[in-house]
Amino acid sequence: MQSPSIKPRLSFWQLWNMSFGFFGIQFGFALQNTNTSRIFSTLGASADDLPLFWLAAPVTGLLVQPIIGYLSDNTWHPRWGRRRPFFFVGAVLASLALFLMPNSSALWMAIAILWLMDAAINVSMEPFRAFVGDKLDASQQTTGFAMQTFFIGCGAVIASLLPYLFADVLGVSNVPVGGAIPDSVRYSFYAGGAAYFLAVMWTVLTADEIPPENLEAFRAESKPGLSHAIIEILGGFASMPKTMVQLAFVQFFTWVALFAMWIYTTNAVADNVFGTADAQSASFQEAGNWVGIMFAVYNGVSALAAFILPIFARATSRKFVHMVCLLIGGASLMSIMFIHNLNLLMLPMIGVGIAWASILTMPYAILAGALPAKRMGFYMGVFNFFIVIPQIVSGLLLGFVTKHFFGGHTVSTVALGGACMALAGLLTLFVHEHGARRAAAQDGALKQPS
């Protein structure tokens, strides 16, 4: 369990500064999630192969997240602190990958850069989750994760809209010439790389960290080497708290749904609404821009919902709120199958946004109360296994299912994802929420310290 010592209550602007880096991190993830299938398809990938090419993302997460979490737990620098060195290194590498991705001239090159991009994003992101547990008392942890979710939503809205804004507002070409990535997508990634680096550096330079209570003992006990990290990670599964095991099942089906949505929404909208599967056509590229708008809607809704959901959690419980949100998101994803009007496609994105806000907030808030404080980064990294494993399973199976069960109609695969998300909502009923009453009573809105 966490240490009973009470940490100082942070002000609104302190919470803002420590979370602002997620604004940039989500630029990377949103550009990746919205445009990767579009880039792969433009470079010649078939719809059946897309899940396999997307495996780069979860596999790098599987390898990087727990190791980075462990290493950051065992790091302390008198100036940079514990987590911020990883924020900085990840920002440099991710920004570089964002500049390289739209200049891919072959499919293999885009896949290789996706590996670099996702690994680098995880180097920055994983310590950010532990940062909340490091700095905030239990009474502010849900609010801390909600602030992160707010910035995730804001960053994703802007990043998702960038190809549309460049093409339809600034008049940049949206058509692939000679099989190359359209200029609207290239410029979007350039802007994203700059935003990623600047936002993460804001947190690095404005947020401080709490040093270990006994620095000499911390250094004596720390074993930051890679071999120790791997041994600890493998042993960590045997010592997972009960709440973490229960949440693992919820996470599994949740992220199957999200992976299906990210991989196939562009192809689904192109087929189901525009009536094309030709990635070189103007209609397909227009569908890609429209999916950017759809994803901006769900991320915008999540940014607003991030501050509303904790209010409902205080009145009920975190797990009840999470269950309801996942059921709403699942029904919304399934409804896309029956929509053939572009404007009506915005409606299910509202439900997906509500679910996304909860996915980014409630599981981590529930889990943080069940983890030992000094191993927060390690367990957050292990917990992310249950984000990447379902994505790997999806990458291996969704292409087969789409081809042999759905006749190549990717919109059916998106609907299958919705059913998985609804199942995840029902599984939330079996999660034990440690200290729910105390956390609900203490977790207040964003306010100045007393």
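Not measured: the values here are computed from a predicted model.
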- Query: Between Phe99 and Phe189, does the ring centre distance come in under 6.0 Å?
  - Reply: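 For Phe99 and Phe189, the ring centres are not under 6.0 Å apart.
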
- Query: How about Trp255 and Trp262: are their ring centroids closer than 6.0 Å?
  - Reply: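 Yes.
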
For residues 287-294, tabulate all N or O donor-acceptor pairs below 3.5 Å that involve a side-chain atom, not counting sequence neighbours.
| from | atom 1 | to | atom 2 | distance (Å) |
| --- | --- | --- | --- | --- |
| Asn289 | OD1 | Arg38 | NH1 | 2.8 |
| Asn289 | OD1 | Arg38 | NH2 | 3.1 |
| Asn289 | ND2 | Asn174 | OD1 | 3.2 |
| Trp290 | NE1 | Leu342 | O | 3.3 |

N/O donor-acceptor pair under 3.5 Å between [X] side chain and [Y] backbone:
X      : Y      : answer
Arg318 : Thr361 : no
Ser104 : Ala106 : no
Tyr264 : Ala47  : yes
Gln251 : Phe386 : no
Asp49  : Ala45  : no
Gln140 : Leu10  : yes
Ser19  : Trp16  : no
Gln14  : Ser11  : yes
Asn272 : Ile339 : yes

Side-chain heavy-atom pair [X], [Y] within 4.5 angstrom cut-off:
X      : Y      : result
Thr203 : Phe22  : no
Ser302 : Phe150 : no
Leu170 : Leu165 : no
Met349 : Ser332 : no
Pro58  : Phe259 : yes
Ile336 : Met261 : no
Phe295 : Asn35  : no
Trp115 : Val59  : yes

Nearest 0.5 Å please: distance from the [atom1] atom of [X] over to the [atom2] atom of [Y].
X      : Y      : atom1 : atom2 : answer
Leu345 : His340 : CG    : NE2   : 9.5 Å
Leu31  : Ser160 : CG    : OG    : 7.5 Å
Phe383 : Leu367 : CZ    : CG    : 5.0 Å
Leu136 : Thr143 : CG    : OG1   : 8.5 Å
Leu96  : Met117 : CG    : CE    : 10.0 Å
Thr206 : Trp13  : OG1   : CH2   : 11.5 Å

- Please indicate whether Tyr164 has more than 12 foreign heavy atoms, meaning atoms of other residues, nucleotides or ligands, lying under 6.0 Å from its OH. no

- Item | ring pair (Phe, Tyr, Trp, His ring centres under 6.0 Å) partners for Phe249, two or more places apart | none

- Item | Donor-acceptor pair between His322 and Thr428 side chains, under 3.5 angstrom |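 Result is no, nothing qualifies.
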
- Classify the side-chain pair Ser37/Trp54 by whether it contains a donor and acceptor separated by less than 3.5 Å. yes

- Please identify each residue that fulfils side chain to side chain donor-acceptor pair (under 3.5 Å) with Thr266, with sequence neighbours left out. none

Pairs under 3.5 angstrom only: tabulate donor-acceptor contacts from the side chains of residues 403-421 to other protein residues two or more places apart or in another chain.
| from | atom 1 | to | atom 2 | distance (Å) |
| --- | --- | --- | --- | --- |
| His409 | ND1 | Asp271 | OD2 | 3.2 |
| Thr410 | OG1 | Ala268 | N | 3.1 |
| Thr413 | OG1 | Thr402 | OG1 | 2.7 |

- Only one of Phe197, Phe131, Trp202 forms a ring pair (Phe, Tyr, Trp, His ring centres under 6.0 Å) with Phe87, so which one is it?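 Of Phe197, Phe131, Trp202, ring pair (Phe, Tyr, Trp, His ring centres under 6.0 Å) with Phe87 is met by Phe131 alone.
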
- Query: What residue pairs, at least two apart or across chains, pass salt bridge (Lys or Arg N to Asp or Glu O under 4.0 Å) with a residue in residues 161-184?
  - Reply: Asp183-Arg186

- Message: My understanding is that only residues two or more places apart in sequence, or in another chain, count here; which of them pass salt bridge (charged side-chain N to carboxylate O under 4.0 Å, His left out) with Asp208?
- Response: Lys135

